[in-house]
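Heads up: the structure comes next, in structure tokens.
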Protein chains: 2
Amino acid sequence: MPKAQPIEFYFDFSSPYGYLASCQIDAVAERHDRKVLWRPYLMGAAMKLTGRKPLVVQPMIADYTRVDLARSARRAGVKFSLPDPFPVATVAACRAYYWLLEKDEEKAKSLAQALYVAFFVEGRNIGEPEVVTDVAGALGVDRDALSAALQDPAVKTRLKQVTDDAVARGIFGSPFFIVDGEPFWGNDHLKEVDEWLETGGW
Amino acid sequence: MPKAQPIEFYFDFSSPYGYLASCQIDAVAERHDRKVLWRPYLMGAAMKLTGRKPLVVQPMIADYTRVDLARSARRAGVKFSLPDPFPVATVAACRAYYWLLEKDEEKAKSLAQALYVAFFVEGRNIGEPEVVTDVAGALGVDRDALSAALQDPAVKTRLKQVTDDAVARGIFGSPFFIVDGEPFWGNDHLKEVDEWLETGGW
């Protein structure tokens, strides 16, 4: 039997639903003996093509989204509050992730989780490179090396490639999952991802 | 114990996800001994405020939506295909529904279901008043009386009121459910509605 493919988990660090999914995706994957590839990307690149704006700046939809986010967080049993400022640029957060990924996959995931907590639980502005290096530093990452990496052309290129590839594959949202080639968009679809893995699809 | 409130089910006749929800909402409600108030409205009025466009005309999102619609239909075990033309105006369909609702609530629901089937299964253009009267006629509704009703100022006012009230209450999508005052947007949330009714919320 061929080895089961990992679940690809695309997200933007400034996406509240991405954060909520990040708190749950590993448990879903474990239930089905799958790995998860965490793939932060710059969703803004896709939004330029789709013409979408963040939910919380859309009239009417913003009010509903605040209700739904709080409700979804309660249901998932995780802390959450919408930060201010929001949304923020996530270039530094993404670059830090991919730089660290080259060295230590587990630590890179820990950094992604810590950045999400810093933003959506502690309200820290992860749009600022200093906050990113602080969060990484608390995990034992070398701050100076990371600061330098944030301007490293190779790291910049890596992030650009991930983002371009995502868009080329039709990925535009956060969270966005690819499960055995099948695309699932949105935190609401996590249950469906779970059932897809359980049943092999329908 | 006070009588349980009905589930309010808002939808647009031109909404594929509204159609998919219409095939499932009654079963969800029955499990919890609830009634469903079927509330077609002109979602376009809300979209003028939110600035949204239909999913199937948004770049990238359109492609995903076609995959997701087909997958959601398979999962629900219902026939579905995206009609052409799409979307269509749903004024006549809505007016027919509210006119009939005054006379016979069950038959009005049957009409709503038949209009959805005509559009999303048979590919008939329910934007045309003649198609609406045809579909209603097949259910035993008086076609001439309905044709006249479609231009009746009282019927027009009723639809305008339903739509204005919906927008005033923050309803903007299809399907959109109100369950004991709690708003749920999207066919993907039907499971959550089910669990909310089961548990009393969280």
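Reminder, nothing fancy here: chain letters follow the sequence lines and each chain counts from 1.
The greatest number of non-hydrogen atom pairs below 4.5 Å with chain B, out of A/L49, A/V167, A/I61, A/T50, is found for A/I61. In terms of heavy-atom pairs under 4.5 Å with chain B, the best-connected choice from A/R74, A/E182, A/M60, A/K191 is A/M60. For the set B/K53, B/E195, B/Q58, the entry with the most heavy-atom pairs within less than 4.5 Å of chain A is B/E195. Across A/G201, A/P59, A/G186, A/A62, the residue that shares the most heavy-atom pairs under 4.5 angstrom with chain B is A/P59.
Stacking of A/R71 on the aromatic ring of B/F184 is recorded, both the 6.0 Å distance cut-off and the 45° axial limit being met.
Between B/F11 and B/Y116, the distance from one ring center to the other falls under 6.0 angstrom. The aromatic ring centroids of A/F172 and A/W185 lie less than 6.0 Å from each other.
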Starting from the C-alpha separation in whole Å, work towards a yes-or-no answer on side chain to side chain contact (heavy atoms under 4.5 Å, CB included) for B/F86 and B/V56.
-> CA-CA 9 Å; B/F86 175 87; B/V56 299; 3.0 Å; yes
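Looking at A/D63, neither its backbone nor its side chain comes within 4.5 Å of chain B, counting heavy atoms on both sides.
The aromatic rings of B/F80 and B/Y19 lie parallel to each other, with less than 30° between the two planes, well short of the 60° mark.
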